S.K.: 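Starting off with a structure, shown below.
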Amino acid sequence: MSKTVTAAAHPNLAVVKYWGKADPRLNIPANSSLSVNLGSAHTTTTVCFSSDFDQDVVRLNGAAADDRTAARVTRHLDRVRRLAGRTERALVESVNDFPAAAGIASSASAFAALSLAASRALDLHLSERELSILARQGSGSACRSIPGGFVRWEAGQDDASSYAYQVAPPEHWDLRITTVIFSEQPKEISSSDGHALAQTSPFYAARLAGLPHTLEVVQDALLARDFARFGLALEREAVSMHAIAMTADASAGEPLSGPLSGLYYWQASTMQLIQQVQGWRRGGLPVYFTIDAGPNVHLFCEGAQQVALEAELARLLPAMQARTIVSAPARGAWVVSEG
Ligand code: DP6
């Protein structure tokens, strides 16, 4: 029996998005991206290996994982076994304290926590960069949940050069990120399907050509704590990603659920909140949005504005039947216990 190791990681929210892969097998992205770890949500994962187990057993939120998830976890455990030169099967227990697959990328915190717990259980002491590379192979954005605070994922050209690193620690900027959850249903179109279709959008090449500039603007504004510059750039960036999704040729992929023309992650409430955000800014409340591959909206404000934003949301949200999770920038993946 190996050590039993429990590790945890926060999900991260991209302010410059990963959308489209240069190498789908290794999750090498088509572009570099930038994110912040969300402190009010996390995945906790416990792993132990034993030669007594005849197969990997994967439990998620207290129940057996579905076949697709279990197979993806086993593929990841195989990577860790290969690195350690070991063959034992594992028992994996993973718990999320936030809704899966609804716009907070649960695969990011899940594969970050799994990479740390499984590698430590097999006595591998990987550096932050090595862990980030391993987590990326499980789910691309997971590499950004390994370092703490504000994190950049350098696209790189191959396995060794595609990893994430910290650009500023969590305490660099007192930001609040309010995730407005309209739907806790798993999304119909996974981000992996979205990545695969990105290049079918006629606007994809234009997005990629503009991204190095976008990344520098967002990173500079972040380092300078220039909130208006940061906010406008991150909104434009989120809409650019969704423009690619909406104008992708969905018929080019695996048959998705019904005859879709493009990938529409937004719901009516998503658009309603986008317009409300612009209204708040006109009224003097500096708040900006971003949206991942789901209908939920993430609102950024500075700490001093959080009370005012909450008052506005308290008026608006009951009619929209939404709930919120408020996060501050947070640490990277950590070991909770081992022994
Ligand atoms: C919209 O990392 O979930 O959240 O590598 O296929 O597991 P896979 O995709 P994933 O994609 C995340 C897409 C996004 C944008 C982002 O987080 O950068």
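What you are looking at is a predicted structure, and each value in this text was computed from that prediction instead of being measured. Indexing begins at 1, ligand by ligand and atom by atom, following the structure's order.
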S.K.: Ala14 heavy atoms, cut-off 4.0 Å: which ligand 1 atoms fall inside?
M.R.: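 With Ala14 as reference, the close atoms of ligand 1 come out as 16 (C), 17 (O), 18 (O).
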
S.K.: May I ask you to list the atoms of ligand 1 that are less than 4.0 angstrom from any heavy atom of Ser192?
M.R.: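 Here the atoms of ligand 1 in question are 6 (O), 8 (P).
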
S.K.: Quick one: are the ring centres of Tyr204 and Trp19 less than 6.0 Å apart?
M.R.: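 Centroid distance Tyr204-Trp19: not below 6.0 Å, so no.
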
S.K.: Looking only at distance, does Lys21 have an N or O less than 3.5 Å from an N or O of ligand 1?
M.R.: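 N/O-N/O distance under 3.5 Å: yes.
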
S.K.: For ligand 1, which atoms have a heavy atom of Arg72 less than 4.0 angstrom away?
M.R.: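 Counting atoms of ligand 1 from 1, those under 4.0 Å from Arg72 are 7 (O).
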
S.K.: Whether Asp292 and Lys17 form a salt bridge (side-chain N of Lys/Arg under 4.0 Å from carboxylate O of Asp/Glu) is what I want to check.
M.R.: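 Yes, this pair counts.
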
S.K.: Any heavy atom of Arg136 sitting closer than 4.0 Å to ligand 1?
M.R.: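 No.
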
S.K.: Between Glu154 and Tyr165, does any side-chain donor sit less than 3.5 Å from a side-chain acceptor?
M.R.: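 Short answer, yes.
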
S.K.: Counting from 1, what ligand 1 atoms have a heavy atom of Trp19 closer than 4.0 Å?
M.R.: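 Matching atoms, with element in brackets: 1 (C).
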
S.K.: With respect to atom 15 (C) of ligand 1, which of Tyr265, Tyr18, Phe111 exhibits the smallest heavy-atom separation?
M.R.: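 It is Tyr18 that holds the nearest heavy atom.
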
S.K.: Looking only at distances, please establish whether an N/O atom of ligand 1 is found under 3.5 Å from an N/O atom of Gly140.
M.R.: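 In this structure, Gly140 places an N or O atom under 3.5 Å from an N or O of ligand 1.
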
S.K.: So does Lys3 pair up with Asp123, basic N to acidic O under 4.0 Å?
M.R.: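 Judged by the 4.0 Å cut-off on N to carboxylate O distance, Lys3 and Asp123 do form a salt bridge.
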
S.K.: May I ask you to check if Arg331 and Trp334 form a cation-pi contact, with NZ or CZ under 6.0 angstrom from the six-membered ring centre and within 45° of the axis?
M.R.: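 The answer is yes, since Arg331 meets both limits relative to Trp334.
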
S.K.: Let's go through Ser127 and Glu130 carefully: what are the C-alpha distance in whole Å and the side-chain angles of both, what is the deciding distance for side chain to side chain donor-acceptor pair (under 3.5 Å) to 0.1 Å, and is it a yes or a no?
M.R.: CA-CA 5 Å; Ser127 66; Glu130 289 165 333; 3.3 Å; yes

S.K.: Taking 4.0 angstrom as the limit and counting only heavy atoms of His195, give me the atoms of ligand 1 inside it, by number and element.
M.R.: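 The atoms of ligand 1 under 4.0 Å from a heavy atom of His195 are 6 (O), 9 (O), 10 (P), 11 (O), 12 (C), 13 (C).
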
S.K.: With a 4.5 Å cut-off on side-chain heavy-atom distances among I, L, V, M, F, W and Y, is there a chain of contacts connecting Leu215 to Val218?
M.R.: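 Same cluster.
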
S.K.: Which atoms of ligand 1 are found less than 4.0 Å from any heavy atom of Asn27?
M.R.: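 So the answer, numbered in order with elements, is 5 (O).
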
S.K.: Return the orientation label for the Trp266 and His242 ring planes: parallel under 30°, perpendicular over 60°, tilted otherwise.
M.R.: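 Tilted, since the angle between the ring planes falls between 30° and 60°.
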
S.K.: Pull out every atom of ligand 1 sitting under 4.0 Å from any heavy atom of Ser107, numbered as shown with elements.
M.R.: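 Reading through ligand 1 atom by atom, the close ones are 3 (O).
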
S.K.: Tell me yes or no: between the side chains of Ser94 and Arg59, is some donor less than 3.5 Å from an acceptor?
M.R.: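 No donor-acceptor contact under 3.5 Å links the two side chains.
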
S.K.: N/O to N/O below 3.5 Å, does that happen between Ser141 and ligand 1?
M.R.: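 There is such a contact, yes.
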
S.K.: Using distance alone, decide if ligand 1 has a nitrogen or oxygen within less than 3.5 Å of any nitrogen or oxygen in Lys17.
M.R.: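 The answer is no, given that Lys17 and ligand 1 share no N or O pair closer than 3.5 Å.
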
